[in-house]
Number of protein chains: 2
Amino acid sequence: MTKNPVADAAVSARVEDSGNGRRYRPGRIRERNREKILQAAEEEFALNGYKGATIQNIAERAGLPKSNVLYYFSNKQRMYAAMFDDILGRWNKVFSDVRPEHDPAEALASFIRTKVEMSRRYPLASRLFAMEIIQGAPFLMDHLRTNMREWVRGRTEVIQQWIDDGRMAEVDPVQLIFLIWSSTQHYADFQVQILMVENKAEYEQRDFDHAADFLTDVILRGCGLEKPT
Amino acid sequence: MTKNPVADAAVSARVEDSGNGRRYRPGRIRERNREKILQAAEEEFALNGYKGATIQNIAERAGLPKSNVLYYFSNKQRMYAAMFDDILGRWNKVFSDVRPEHDPAEALASFIRTKVEMSRRYPLASRLFAMEIIQGAPFLMDHLRTNMREWVRGRTEVIQQWIDDGRMAEVDPVQLIFLIWSSTQHYADFQVQILMVENKAEYEQRDFDHAADFLTDVILRGCGLEKPT
DNA sequence: CGGACTCCTGAACACATGGACAACAAGTGA
DNA sequence: TCACTTGTTGTCCATGTGTTCAGGAGTCCG
């Protein structure tokens, strides 16, 4: 009962919620701090993993006392979950609106480019997701089993249609999605390795352009497609 | 001085050492326990990350008391390092002996197949490596900067030679290596995701065969090569 | 048998961590 | 001004952690 009844309010009630935003007015202080904390959490979790991350570190990154962080997210697990809510929301949009009547070469090229762009803009999100899956997806298991499985099913149907119509080579659509996922996310997840091997201090925009060009080039040709203009 | 002078002996002195095996006879008890512990460590580190892993958990997996584990590896960091010594030794052999006079299609196909096979046989090693890199490679930084960079340089020279000789399409050799690394390791690192999406309980041999077929198919064609007989 | 190793282990310790909580400050609307 | 909600923070605690250490057991060989 002594527990603060408002903590996590903004977590369960989505940001855009307010379908009837009467009960708890989020307030911009809440909004701003929530943002700061989530960003700090991304860094910390991506760097040390779920168990390795400490609330103290997150607080320091966010420039707040630990107690204040725990005021916004009543515990570590909820913080972790809130992060993935944000991340998955962002990701779900990519390649979701593809249709059988689209041009396969254009659609796949756009998919690849968007994915590489995501690796550039949200590398922490990508790493976070990777670590979670590598560790057996204890938190995202459910998401994989439902949303993601369904998403893949929908996309593969479109690709299969293209194949049936003779518009691209006969390749396993599911494997193709895995190939694009892995090769594009690689630039975010294995950034350090890539930089070290290429003896660079940091990425430049042109590196991503080059990577996207290479991938569309090889993968499209691998699918028997011509690169779109 | 009270510190056990033998601890970690087997760590610094490689297994095959014994160039003059007089001073410390390793003994097979040492050998066997060291093995048990390293295997347990692989599981625990892969599941929880470096910071998340606990010596207690490793000990339980190995069926030994914590103190005994610390007798063999005087601290957590040394254990972690010893693991990677093993792992990197195994990996370094793959694709290392490729030569310009080899057939590019055959050589690349063999590279892909071997890598997929590594994902099948040593999934934990792959995940361990992935987590280490994702977290910024605090322990392997040096290895990346020296050994791995050199390795890539050597291999790309061969690929470039093939291109110059007009034996395959003009693709960036470095990117090609990244593509093969990422797409093959994906089957180990993202195992859970793949199983969930495909609604399977566990991998079967044929899944790897299928994956290797798909990858050689698409990547070779993407490089303008015919699949070898 | 006896000594010199190799191997084993329970107990202890200093320290970090997640989380609870109570008191306090700031904001807000009437 | 006042009542009430929202935000802030220092302190405290139980638990778990890596690592040390001192002593004991097993094993091997002369």
Side-chain angles (χ1 to χ4, degrees), chain A residues 1-13 21-37 40-41 44-45 47-82, chain B residues 1-11 13 18 21-37 40-41 44-45 47-82:
Chain A
M1 282 307 153
T2 54
K3 197 162 187 312
N4 189 320
V6 187
D8 290 337
V11 174
S12 51
R22 201 166 45 76
R23 219 181 145 80
Y24 296 122
R25 193 83 64 76
R28 37 206 79 92
I29 302 179
R30 181 164 214 93
E31 197 64 26
R32 184 159 34 86
N33 278 347
R34 201 185 119 89
E35 211 62 38
K36 265 201 293 189
I37 293 171
E44 173 69 7
F45 279 122
L47 200 60
N48 295 319
Y50 178 75
K51 298 205 185 176
T54 77
I55 301 181
Q56 180 67 53
N57 277 352
I58 294 173
E60 276 164 23
R61 275 179 204 274
L64 297 171
K66 184 171 81 159
S67 309
N68 202 2
V69 171
L70 277 157
Y71 165 71
Y72 284 100
F73 299 92
S74 54
N75 62 45
K76 199 178 173 182
Q77 188 163 335
R78 270 179 217 250
M79 259 181 66
Y80 194 66
Chain B
M1 285 309 151
T2 53
K3 198 163 187 309
N4 189 322
V6 188
D8 290 336
V11 175
S18 75
R22 201 168 45 77
R23 220 180 144 79
Y24 298 122
R25 194 83 64 76
R28 39 207 79 93
I29 302 179
R30 180 166 215 91
E31 198 63 27
R32 184 157 34 87
N33 279 347
R34 202 185 119 88
E35 212 62 37
K36 265 201 292 189
I37 293 171
E44 173 69 6
F45 279 121
L47 201 59
N48 295 319
Y50 179 76
K51 298 205 184 178
T54 77
I55 301 180
Q56 180 67 54
N57 277 352
I58 295 174
E60 276 164 23
R61 275 180 204 275
L64 297 171
K66 185 168 79 157
S67 309
N68 201 3
V69 171
L70 278 156
Y71 164 72
Y72 284 101
F73 299 91
S74 53
N75 62 45
K76 197 177 174 183
Q77 188 163 335
R78 270 180 217 249
M79 259 181 67
Y80 194 66

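First the proteins, then the strands, lettered A, B, ... as listed; each starts at 1. The analysis underlying the following values was restricted to heavy atoms, covering all of them including side chains, and did not include hydrogens, waters or symmetry mates.
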Worksheet entry | Spacing between B:Leu70 atom CG and C:dC8 atom P, to the nearest angstrom | 13 Å
Practice prompt. Applying side chain to side chain donor-acceptor pair (under 3.5 Å), name anything that partners B:Gln77, two or more places apart in sequence or on another chain.
Written response: none
Fill in: Nucleotide nearest A:Asn75 when distance is taken to its side chain, options C:dG19, D:dT6, C:dC8
C:dG19
Item to complete: Quick one: list whatever passes side chain to side chain donor-acceptor pair (under 3.5 Å) with A:Lys51, sequence neighbours left out.
Response: B:Asn48
Item to complete: Enumerate the residue pairs fulfilling salt bridge (Lys or Arg N to Asp or Glu O under 4.0 Å) with a member in residues 64-73 of chain B, sequence neighbours excluded, ordered by first and then second residue.
Response: none
Worksheet entry | Atom pair distance, as rounded to whole Å: CZ in B:Arg78 and P in D:dT19 | 10 Å
Worksheet item: Among all residues two or more places apart in sequence or in another chain, which pass the side chain to side chain donor-acceptor pair (under 3.5 Å) test with B:Tyr50?
Response: none
Response to the item:
Taking D:dT6, C:dC8, D:dG10 as options, the one with an atom nearest any side-chain atom of A:Tyr71 is D:dT6
Practice prompt. Give the rounded distance in Å between these two atoms: CD of B:Glu60 and C1' of D:dT17.
Written response: 13 Å
Worksheet item: If we only count heavy atoms from C-beta on, is the B:Phe73 to B:Arg34 side-chain gap below 4.5 Å?
Response: yes
Worksheet item: Starting at NZ of A:Lys36 and ending at C1' of D:dG7, how long is that distance when rounded to a whole Å?
Response: 13 Å
Worksheet item: Excluding sequence neighbours, so at least two apart, what forms side chain to side chain donor-acceptor pair (under 3.5 Å) with B:Glu35?
Response: none
Worksheet entry | Selected nucleotide, minimal atom distance to B:Tyr72 side chain, candidates C:dG19, C:dC7, C:dG10 | C:dC7
Discussion item. Tell me whether B:Glu44 contacts the main-chain N or O of B:Ile55 through its side chain, where contact means a donor paired with an acceptor under 3.5 Å.
Written reply: no
Worksheet entry | Whole angstrom value for the distance that separates P of C:dC7 from CG of B:Asn33 | 9 Å
Worksheet item: When the distance from CD of A:Glu31 to P of D:dG7 is rounded to whole Å, what number comes out?
Response: 11 Å
Worksheet item: Between B:Asn75 and B:Arg78, is any pair of side-chain heavy atoms under 4.5 Å apart?
Response: yes
Worksheet item: Sub-3.5 Å donor-acceptor pair from the side chain of B:Lys76 to the main-chain atoms of B:Ala53, do we have one?
Response: yes
Restricting to nitrogen or oxygen on both sides, can you table the protein-nucleotides 11-17 of chain C pairs closer than 3.5 Å?
none

Practice prompt. Could you check how far CZ of B:Phe73 sits from C1' of D:dG18, rounded to whole Å?
Written response: 16 Å
Worksheet item: How large an angle, rounded to 10°, do the end axes of the helix from C:dC1-D:dG30 to C:dA30-D:dT1 enclose when each is built from five base pairs?
Response: 10°
Practice prompt. Return the value, rounded to whole Å, for the distance between atom CG of A:Asn68 and atom C1' of C:dG19.
Written response: 15 Å
